[in-house]
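Given the structure is predicted, the values throughout are model-derived calculations rather than measurements. Quick note: numbers below take in every heavy atom, side chains included, and nothing from hydrogens, waters or symmetry partners. First the proteins, then the strands, lettered A, B, ... as listed; each starts at 1.
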Amino acid sequence: MEEDKKDNIDVLNPQDEKSEVSNFIRFFIDQDLASGKHKNIVTRFPPEPNGYLHIGHAKSICLNFGLARDYKGKCHLRFDDTNPTAEDVEYVDSIMDDVRWLGFSWEDNLFYASDYYDQLYNYAEFLIKEGKAFVCDLNQDEMRKLRGTLTEPGIESPYRNRTVEENLDLFRRMKEGEFEEGTKSLRAKIDMKSPNINMRDPVIYRIKKAHHHRTGDKWCIYPMYDYTHCISDAIEGITHSICTLEFEDHRPLYDWCLDQLPVPCHPRQIEFARLNLTYTVMSKRLLRALVEENLVNGWDDPRMPTIAGMRRRGYTPEAIRNFADKIGVAKANSIVDFNLLQFCLRDDLNIKAKRVMVVLDPLEIEIENYPDGQVEFLDAENNPEDITAGSHKIAFTKHLFIEKDDFKEDAPKKWFRLAPGAEMRLKHAYYITCNHVIKNEQGEVIKLICTYDPESKGGWSKDGRKVKGTAHWVSKDHVLNIEVRMYDQLFKVPNPMDIPEGMDYKINLNQDSLRVIKNCYAEESLKDAQSGEKFQFLRQGYFTVDYDSTPENPVFNRIVGLKDSWSKIENK
RNA sequence: UGGGAUGUCGUCUAAUGGUAGGACAGUGGACUCUGGAUCCAUAUGUAGGGGUUCAAAUCCUCUCAUCCCAGCCA
C-alpha cells in the first residue's frame, strides 16, 4: 500500500507521462483545454455495485484516474445505484477496496447516484411541466409491441398526450406508491419514429417496490440509467464522461436530457472499446455463473479475472497499471493477448520478488563424500536484479532433494542438467556429479548417489571448468513442507465466447486450471513469509502466500511461471 | 435488410496530407551460478476497387467484413 501511494505522488511531471501515450481521448481533452472550453478536467469511474470488478474495469479505472492524474484534474468515484434489486453493499465495499488497491484515490469525491434522487425527481417534474415527459399506462409487453423494430418505426402511446396536470398528478401518485409495479412508468416524449430506438420515448422512471441498499424504503420509483447518468455527470461538473462503445447509441439521449434541463453544465460523453483478454471471459453474467455454479471458488478465486481474484493470485497493482498503459485506448473492438499481461507481471515481479528454492517434485540425492552430520549455511542472494536486497542463509547437508525433472537417465542433446556421470551445479553451493542411480522394483529412479567437489564451494570451480546446468535444491533435514497451487487458464481456447451453435460456454472450460501439489519441499526461510509477500521459486515461477495459508499448513499460489526456453528446445 | 460505430504486422497500438513506428508474441545470436533476467539482430501490416493530390493509412467515392441497438438492466 505504501508503495502504491508513493507511485501516485511520484508523477510530478505529467508532461513526461503524456509524451509516452497518445490516444483519441487525450486528443479531445487537449482540444477542449486549448480552446478554453475547460480549465481543468473532471472524470469519473461509475460502476454499478452489482458484482465484483474485473480487469476490464481496471482499464477504465486506470484511464479515468490516470487522465485526472496527468492533467492535474479530478476523478470521482460514483456508484450508479439506480437498480436496487441488483445491488448490494457487499459490492460497494469490494469496489472501493479494488480501486484503492490499484493505487488510485478519489479523495473526497465519493458519490452515489442515489444521492441525487431528490434532484432527479425534481428534474422529472420539470420535464413533465415542459411537456417533455408523460406517464404511460402501457405494460411492458404492450410497450414492446408499439416500440417498432430495427427497421420499422414505433407507434405513439395512447397516453402520450395527457395534460401536464394529469401527468404531474399521476407521477406524484406513482411516487406515493399508489400503483403496482409495471402498471405505470414515466417516459420522455421524444420521437417514436426515430431510427435510434433509444429515442423512441424511453422510460425514465419505473415503479420498483424494492429496498435500496442506501435509501432504504424511501422510494418506490427509481430513475433509469440514461436519465440518471447524464444528470449525475452534470451535477458533479464532469467534463469528460468516458464510457464503453455500447453506449454510443445512447449519446443522443444523454445529450437530449441535458438539453431539456436547467443543469449546471453539459459534459461530453466519449466512448472507447472495452477490454477483452484471450483465454478468459469478461462479462459479469458469465463470471457470476462461474461463481454460482461452483466452477470456481468464489469471486476471488485466483483463476478469476476479477481484481479480487488477481490480487489473491499475487498480481501487483503496478503490473496491472502498466498493462492498462500498454494496451492503449481506442474504438476498435479487440482481444488482447494474455501474454502481454504475463509480461507485465514478470517484468514487475522480477525486480521485486525474493528468490528462494522450493522443490516441487522431489528426488533424493546423497553426497557420498560429504561428512555425515555436517551442516553448512551458505549465502543465497535475495535478488540478482537488486543488490540492495541482500542475502539469506540456506543449509547444505549430505542428504538433499532436487527436482525430479532435473535428472534424466538418458540425457538428450543439449541437456545441461544431471545425468549419470554428468556434472551439474547446485545453486549457491557445489558442483556435483551423479555416480549411481538407485531404482525401486518398478524400475523408477528413487535416489541418486553423487559426489561433490569441495573446491567448488559457492558455485565456482578453482580450475575454471564450466558447468552449464544449475539446479535448485533443498536440504533433507531443513525442509518446510508446503502446499503449492498451480493455476492455468480458466478456458482452453483463446476466445471462449466463440461457441459452436447451440453449445454452452462451459465446453471451453479448462478442467485442469487448478493443480494442487502437496508436500513440496521449501527452504526453511519460507516459514517467515508474510501474507501478500511475493517470491520467485528459483527456476519455477513467481509465487505468493494464499489466504488459506496457516503456519501449520503454508499454501502458495503460483502467480505466473517463468519463461521456459528449455521446453522450446525440447520440442524441436 | 433501419440506425450507430470500427477495419494498420500474429496480437494490441502510434502516425492528425509528408520516412508506416513501438510493445507483446515469434525467430536467430551473445551473455549468464535461474534453460530466468539482460543485450543485439530480424521477418511479417494500412480490408478491397476507383478518384483527388507533387505526395494518401489519413481526403472523396463505391464495395466488403466485423461489432452494438428492439430491458420498466447498466
Side-chain angles (χ1 to χ4, degrees), chain A residues 20-24 27 46-48 50 80-83 85-87 136 138-140 143-144 147-154 181-187 194-200 202-208 221-222 224-226 228-229 243-252 271 273 275 278 284 325-344 346-347 350-351 355 357 381 384-385 414-417 425-429 431 456 458-460 467-472 494 536-541 561-570:
Chain A
E20 288 175 36
V21 280
S22 164
N23 61 52
F24 74 102
F27 182 81
E48 183 189 17
N50 69 343
D80 228 331
D81 55 350
T82 55
N83 183 5
T85 52
E87 298 153 7
C136 185
L138 257 24
N139 65 31
Q140 228 173 130
M143 207 179 285
R144 187 183 315 119
R147 187 153 35 225
T149 67
L150 294 178
T151 52
E152 298 157 327
E181 285 187 17
T183 60
K184 280 185 169 50
S185 62
L186 184 70
R187 293 226 260 164
S194 172
N196 181 347
I197 293 178
N198 293 301
M199 300 298 270
R200 317 237 263 231
V203 169
I204 56 176
Y205 263 92
R206 78 287 215 187
I207 299 169
K208 258 185 198 284
I221 56 171
Y222 291 93
M224 298 285 287
Y225 163 84
D226 285 302
T228 308
H229 204 91
C243 62
T244 44
L245 246 32
E246 67 269 26
F247 292 104
E248 238 159 358
D249 288 342
H250 295 243
R251 183 162 15 106
E271 309 86 8
L275 170 68
T278 56
K284 246 182 217 177
D325 226 55
K326 280 188 147 60
I327 57 176
V329 181
K331 294 197 69 155
N333 283 308
S334 61
I335 305 180
V336 175
D337 191 338
F338 193 82
N339 277 313
L340 184 58
L341 218 206
Q342 295 204 323
F343 166 82
C344 293
R346 293 189 185 111
D347 199 40
N350 181 42
I351 56 172
R355 270 61 169 175
M357 297 200 285
E381 66 191 347
E385 307 293 323
K414 292 198 175 176
W415 176 259
F416 300 158
R417 284 114 89 176
R425 177 191 290 112
L426 292 179
K427 180 80 179 174
H428 308 304
Y431 290 3
S456 63
W460 302 98
V467 173
K468 276 194 166 171
T470 302
H472 57 282
Q536 186 194 99
F537 291 4
L538 228 55
R539 305 203 301 136
Q540 309 272 16
L562 253 27
K563 273 174 82 174
D564 179 12
S565 48
W566 166 247
S567 66
K568 284 171 196 161
I569 297 167
E570 197 177 25

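At a cut-off of 3.5 angstrom, the base of G36(B) holds at least one donor-acceptor pair with the side chain of Glu385(A). If you check distances only, the side chain of Gln536(A) does reach the base of U34(B) with a donor-acceptor pair under 3.5 Å. Remark: the Asp564(A) side chain and the G35(B) base include no donor-acceptor N/O pair separated by less than 3.5 Å. Residue Arg144(A) places no side-chain atom within donor-acceptor reach of the base of G71(B), judged by atom type and a 3.5 Å distance cut-off alone.
Across all strands, Ala332(A) comes closer than 4.0 Å only to sugar-phosphate atoms, never to a base (heavy-atom distances). Among the atoms of the strands shown, base atoms are found under 4.0 Å from some heavy atom of His250(A). Residue-level contact check: Pro47(A) touches neither bases nor backbone, having no heavy atom under 4.0 Å from any strand. Base engagement by Phe247(A) is indicated by at least one non-hydrogen atom pair under 4.0 Å involving a base atom. Residue Thr278(A) is classed as having no contact, given no heavy-atom separation below 4.0 Å to the nucleic acid. Among the heavy atoms of the strands lying under 4.0 Å from Leu340(A) are primed sugar atoms or P, OP1, OP2 only; no base atom is included. No contact: Lys284(A) has no heavy atom under 4.0 Å from any strand. Ile351(A) comes within 4.0 angstrom of nothing in the nucleic acid, heavy atoms only. The residue His472(A) sits apart from the nucleic acid: no heavy atom pair falls under 4.0 Å. Asp249(A) comes within contact range of at least one nucleobase, with a heavy-atom separation under 4.0 Å. Note on Phe27(A): a base of the nucleic acid sits closer than 4.0 angstrom, heavy atoms only.
For the pair Glu246(A) CD and A74(B) C1', the computed distance is 9 Å after rounding to whole Å. The CG-P distance, from Asn333(A) to C12(B), rounds to 10 Å in whole Å. Summarising the geometry, the separation between CG on Leu138(A) and P on A70(B) is reported as 18 Å, rounded to the nearest angstrom. When the P atom of A74(B) is taken as reference, atom CG of Asp81(A) falls 10 Å away, rounded to whole Å. Between the CZ atom of Arg346(A) and the C1' atom of A25(B) there is a distance of 11 Å, rounded to whole Å. Here the C1' atom of nucleotide C68(B) and the CD atom of Glu271(A) are 11 Å apart, to the nearest Å. Whole-Å rounding puts the Asp325(A) CG to C24(B) P distance at 14 Å. Rounded to an integer number of Å, the gap from CH2 of Trp566(A) to P of G35(B) is 11 Å.
The gap from the C1' atom of U13(B) to that of A25(B) amounts to 14 Å, rounded to the nearest Å. Nucleotides U6(B) and C40(B) have their C1' atoms positioned 38 Å apart, rounded to a whole Å. A65(B) sits 29 Å from A74(B) when the C1' atoms are compared, rounded to a whole Å. One C1' atom belongs to C73(B), the other to U63(B), and the distance between them is 38 Å to the nearest Å. Between U27(B) and U44(B), the distance separating the two C1' atoms is 12 Å to the nearest Å. Remark: the separation of the C1' atoms in G4(B) and U42(B) is 43 Å, to the nearest Å. Remark: the separation of the P atoms in G26(B) and G21(B) is 23 Å, to the nearest Å. Distance check on atom P: A5(B) versus G36(B) gives 49 Å, rounded to whole Å.
When Watson-Crick and G-U wobble pairs are counted only if both distances are under 3.5 Å, C72(B) pairs with no nucleotide at all. Figure legend. U52(B) is base-paired to no nucleotide; pairs are counted as Watson-Crick or G-U wobble with both atom distances under 3.5 Å. In a base pair of the Watson-Crick type (N1 to N3 plus N6-O4 or O6-N4) or a G-U wobble (N1-O2 and O6-N3), with each distance short of 3.5 Å, G35(B) is matched with no nucleotide. The partner of A65(B), taking Watson-Crick or G-U wobble pairs whose two distances both stay under 3.5 Å, is U6(B). Across all strands shown, A14(B) has no partner, as no Watson-Crick or G-U wobble contact with both distances under 3.5 Å is found. Base pairing annotation: A25(B) forms no Watson-Crick or G-U wobble pair, as no partner gives both donor-acceptor distances under 3.5 Å.
Between Glu248(A) and Lys331(A), at least one side-chain N (NZ, or NE/NH1/NH2) sits under 4.0 Å from a carboxylate O, which counts as a salt bridge.
When distances run from any side-chain atom of Lys563(A) to the nucleotides A37(B), G4(B), G71(B), the shortest one goes to A37(B). Each of C73(B), C72(B), G36(B) was ranked by its minimum atom distance to the side chain of Arg355(A); first place goes to G36(B). Each of C24(B), G36(B), C72(B) was ranked by its minimum atom distance to the side chain of Ser185(A); first place goes to C72(B). In this structure, the nucleotide among U6(B), A14(B), A74(B) sitting nearest to the side chain of Ala330(A) is A14(B). Taking only side-chain atoms of Ser334(A), from C-beta outward, the nucleotide of C12(B), A70(B), C73(B) with the closest atom is C12(B). Among the nucleotides C68(B), U34(B), C72(B), the one closest to the side chain of Lys427(A) is U34(B). Distances were taken from every side-chain heavy atom of Tyr225(A) (C-beta onward) to each of C72(B), A74(B), C69(B); the shortest belongs to A74(B). The side chain of Ile327(A) lies closest to C12(B) when the candidates are C12(B), C72(B), U1(B). Residue Glu248(A) has its side chain nearest to A5(B) when only A5(B), G36(B), G71(B) are considered. Out of A14(B), G10(B), U34(B), the shortest distance to the side chain of Leu562(A) is found at U34(B).
Remark: Ser22(A) is not in phosphate contact with U13(B), judged by side-chain N or O atoms under 4.0 Å from OP1 or OP2. One finds a side-chain N or O of Ser565(A) lying less than 4.0 angstrom from the OP1 or OP2 phosphate oxygen of G36(B). At C72(B), one or more side-chain N or O atoms of Arg147(A) fall inside 4.0 Å of OP1 or OP2 (strictly under the cut-off). Between U32(B) and Lys468(A), no contact under 4.0 Å exists linking OP1 or OP2 to a side-chain N or O. Within the 4.0 Å cut-off from OP1 or OP2 of U32(B), not a single side-chain nitrogen or oxygen of Arg539(A) is found. For G22(B), neither phosphate oxygen OP1 nor OP2 lies less than 4.0 angstrom from any side-chain nitrogen or oxygen of Lys326(A).
Between Phe343(A) and Phe338(A), the ring center distance fails the sub-6.0 Å criterion.
Applying the side chain to side chain contact (heavy atoms under 4.5 Å, CB included) test between Arg355(A) and each of His472(A), Glu385(A), Lys427(A) identifies Glu385(A) as the sole match.
Of the possible polar contacts, one joining the Arg200(A) side chain to the Ser194(A) backbone as a donor-acceptor pair under 3.5 Å is found. No side-chain donor-acceptor contact under 3.5 Å links Asn139(A) to the backbone of Gly182(A). Using a distance-only test at 3.5 Å, with no hydrogens or angles considered, a donor-acceptor pair links the side chain of Ser456(A) to the main chain of Tyr431(A).
Stacking of Arg539(A) on the aromatic ring of Trp566(A) is not recorded, the 6.0 Å distance cut-off and the 45° axial limit not both being met.
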### Message
I'd like to know whether Asp80(A) forms a side-chain hydrogen bond (donor to acceptor under 3.5 Å, both in side chains) with Thr82(A), so could you lay out the CA-CA distance, the side-chain angles of the two residues, the decisive distance to 0.1 Å, and finally the verdict.
### Response
CA-CA 6 Å; Asp80(A) 228 331; Thr82(A) 55; 4.8 Å; no

